[in-house]
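Please read the structure below before turning to the comments.
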Amino acid sequence: MTDGPYNPRAGSASEIRFDVPHAARIWNYWMGGKDNYAVDRAAGDAVAEVYPDIITMAKESRQFLIRAVSFLAGEVGMHQFLDIGTGLPTMQNTHEIAQRFVPESRIVYVDNDPLVLAHARALLVNTTPEGVTTYVDADLHDPDVIIADARNVLDFTKPIVVMFMGVLGYVADFDELRSIIARVMAAVPSGSYLVAWDSSDTGEAIKEGGEKLAETGAVPYNLRSLEQLGQYFEGLEMVDPGLAPITLWRAGATDAGDAEPIDSYGAVARKP
């Protein structure tokens with residue numbers, strides 16, 4: 001799935017608007033996808049004009065997801081993933097990576113956007129006979145509903161990887177954001193992991209980009225400070241290298257190349 005964005009204004013399929021910029025379609029455009037319209041491209045261009053790194057951010061967020069899931073499935077042996085606020089399907093989705101390493105992996109995708117769910121029904125299929133890939137129609141703001149539905153597929157007596165990939169900025173209130181993370185992580189057992197990345201307020205250009213996004217009529221995205229991003233992982237044990245720019249997190253010598261830090265940070269942390 002795309003690493004963002006979850007759409008907090010989604011409703012029934014009949015409510016999908018094609019004359020208003022759509023968060024998941026804009027992100028799809030930045031990633032180089034084709035599931036977008038002129039209104040989405042116009043909004044995406046408006047942001048990119050003042051913050052060109054948004055294109056890098058979109059593409060590098062996928063590389064961060066690939067590295068994080070590969071580490072957790074391939075090295076740690078995790079086989080249960082709860083990917084919350086997943087966005088439109090694209091290349092190298094969570095289930096494809098996890099089931100490549102652990103064929104019996106179970107993946108639950110969560111979104112409440114009818115456009116995303118329509119694509120999920122068509123494109124989210126197991127890559128192995130042993131695995132399970134499904135989706136839950138639930139709102140990011142309702143973690144109890146997410147957990148209840150995920151219990152139908154995942155075994156909550158065994159470790160689970162919880163993923164929030166570039167979506168928590170759609171929660172305007174920071175205390176509510178922390179509560180959402182805490183409630184989900186409280187439901188999973190010791191040995192579970194939290195994987196998250198988000199955009200930071202560490203540069204003037206990205207702040208201007210956020211303002212441009214809101215001006216287009218798209219759903220606003222709330223930037224966080226590095227201190228706030230660190231609080232996502234409170235009470236958890238950070239995996240090396242801790243909170244880092246997504247372009248650099250566990251990037252090998254070949255992957256890193258000429259990679260530069262950007263205004264997006266991610267981490268993987270274990271529940272003790």
Side-chain angles (χ1 to χ4, degrees), residues 1-7 23-25 27-36 56-113 115-138 140 146 149-150 152-155 158-167 188 192-197 239 246-247 249-252 254-255 264 266-268:
M1 315 297 281
T2 60
D3 312 313
Y6 158 93
N7 182 6
R25 296 194 311 246
W27 194 259
N28 176 266
Y29 172 56
W30 286 330
M31 289 191 73
K34 298 180 179 179
D35 295 314
N36 51 74
T56 301
M57 182 189 300
K59 294 178 178 179
E60 288 294 333
S61 67
R62 177 56 33 154
Q63 297 305 312
F64 171 70
L65 182 150
I66 291 170
R67 293 196 298 271
V69 175
S70 296
F71 163 71
L72 289 166
E75 296 186 35
V76 182
M78 298 294 293
H79 62 278
Q80 299 195 107
F81 294 79
L82 180 58
D83 192 339
I84 301 174
T86 49
L88 289 168
T90 184
M91 50 77 72
Q92 296 275 36
N93 301 299
T94 299
H95 72 286
E96 294 168 312
I97 302 164
Q99 290 171 356
R100 184 185 311 144
F101 290 101
V102 186
E104 66 272 23
S105 292
R106 291 174 169 254
I107 290 83
V108 174
Y109 292 113
V110 181
D111 213 300
N112 78 322
D113 187 318
L115 180 69
V116 169
L117 297 176
H119 280 73
R121 292 185 184 99
L123 299 175
L124 292 185
V125 295
N126 283 342
T127 57
T128 62
E130 309 96 319
V132 176
T133 304
T134 189
Y135 60 88
V136 169
D137 183 356
L140 173 64
I146 292 172
D149 284 351
N152 295 322
V153 176
L154 304 179
D155 182 351
K158 297 179 180 179
I160 295 170
V161 177
V162 176
M163 302 171 65
F164 292 99
M165 308 298 275
V167 298
V188 298
S192 294
Y193 285 81
L194 172 64
V195 183
W197 77 266
V239 170
I246 59 173
T247 47
W249 190 90
R250 288 199 170 223
T254 302
D255 295 330
S264 292
V268 175

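Sequence positions, counted from 1, serve as the residue numbers for this chain.
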Side chain to side chain donor-acceptor pair (under 3.5 Å) partners of Gln80, counting only residues at least two apart: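 Result, side chain to side chain donor-acceptor pair (under 3.5 Å) vs Gln80: none returned.
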Hey, could you give me the [atom1]/[atom2] distance between [X] and [Y], rounded to the nearest 0.5 Å?
{"X": "Glu60", "Y": "Ile66", "atom1": "CD", "atom2": "CD1", "answer": "10.0 Å"}
{"X": "Thr94", "Y": "Asp83", "atom1": "OG1", "atom2": "CG", "answer": "4.0 Å"}
{"X": "Met57", "Y": "Met31", "atom1": "CE", "atom2": "CE", "answer": "12.5 Å"}
{"X": "Leu82", "Y": "Phe164", "atom1": "CG", "atom2": "CZ", "answer": "7.5 Å"}
{"X": "Phe64", "Y": "Ser264", "atom1": "CZ", "atom2": "OG", "answer": "10.5 Å"}
{"X": "Leu65", "Y": "Asn93", "atom1": "CG", "atom2": "CG", "answer": "8.5 Å"}

Beyond-backbone contact of [X] with [Y], side-chain heavy atoms, under 4.5 angstrom:
{"X": "Tyr109", "Y": "His95", "value": "yes"}
{"X": "Phe71", "Y": "Val239", "value": "yes"}
{"X": "Val69", "Y": "Met163", "value": "yes"}
{"X": "Tyr135", "Y": "Thr86", "value": "no"}
{"X": "Phe101", "Y": "Ser70", "value": "yes"}

Please report the closest heavy-atom contact between [X] and [Y], naming both atoms and the distance.
{"X": "Trp249", "Y": "Gly266", "result": "CD1-O, 3.8 Å"}
{"X": "Trp27", "Y": "Ala58", "result": "CZ2-CA, 3.6 Å"}
{"X": "Ala73", "Y": "Val102", "result": "O-CG2, 3.5 Å"}
{"X": "Ala98", "Y": "Ser105", "result": "O-OG, 3.5 Å"}
{"X": "Ser192", "Y": "Pro159", "result": "OG-CA, 3.4 Å"}

Determine whether a donor-acceptor pair (N or O, by modelled atom type, separation under 3.5 Å) exists between the side chain of [X] and the backbone of [Y].
{"X": "Arg106", "Y": "Thr134", "answer": "no"}
{"X": "Asp35", "Y": "Arg25", "answer": "no"}
{"X": "Gln99", "Y": "Thr127", "answer": "yes"}
{"X": "Asn126", "Y": "Thr133", "answer": "yes"}

Test side-chain contact (heavy atoms from CB on, under 4.5 Å) applied to Val167 and Ile84, step by step: CA-CA 8 Å; Val167 298; Ile84 301 174; 5.7 Å; no
Would you please name every residue forming a side-chain contact (heavy atoms from CB on, under 4.5 Å) with Tyr29, sequence neighbours left out?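 Testing Tyr29 for side-chain contact (heavy atoms from CB on, under 4.5 Å), a comparison that skips the adjacent residues, returns Asn36, Arg41, Asp45.
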Going by ring-ring contact (aromatic ring centres under 6.0 Å, His included), name the residues that satisfy it together with His79, two or more places apart in sequence or in a different chain.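 Once residues adjacent in sequence are excluded, His79 has no partner under the ring-ring contact (aromatic ring centres under 6.0 Å, His included) criterion.
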If you apply the rule side-chain contact (heavy atoms from CB on, under 4.5 Å), what do you find for Glu104 with Thr128, and how did you get there? CA-CA 7 Å; Glu104 66 272 23; Thr128 62; over 6 Å; no
Name the residue from Leu117, Asp111, Val116 that meets the side chain to side chain contact (heavy atoms under 4.5 Å, CB included) definition with Asp137.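 The option that passes is Leu117.
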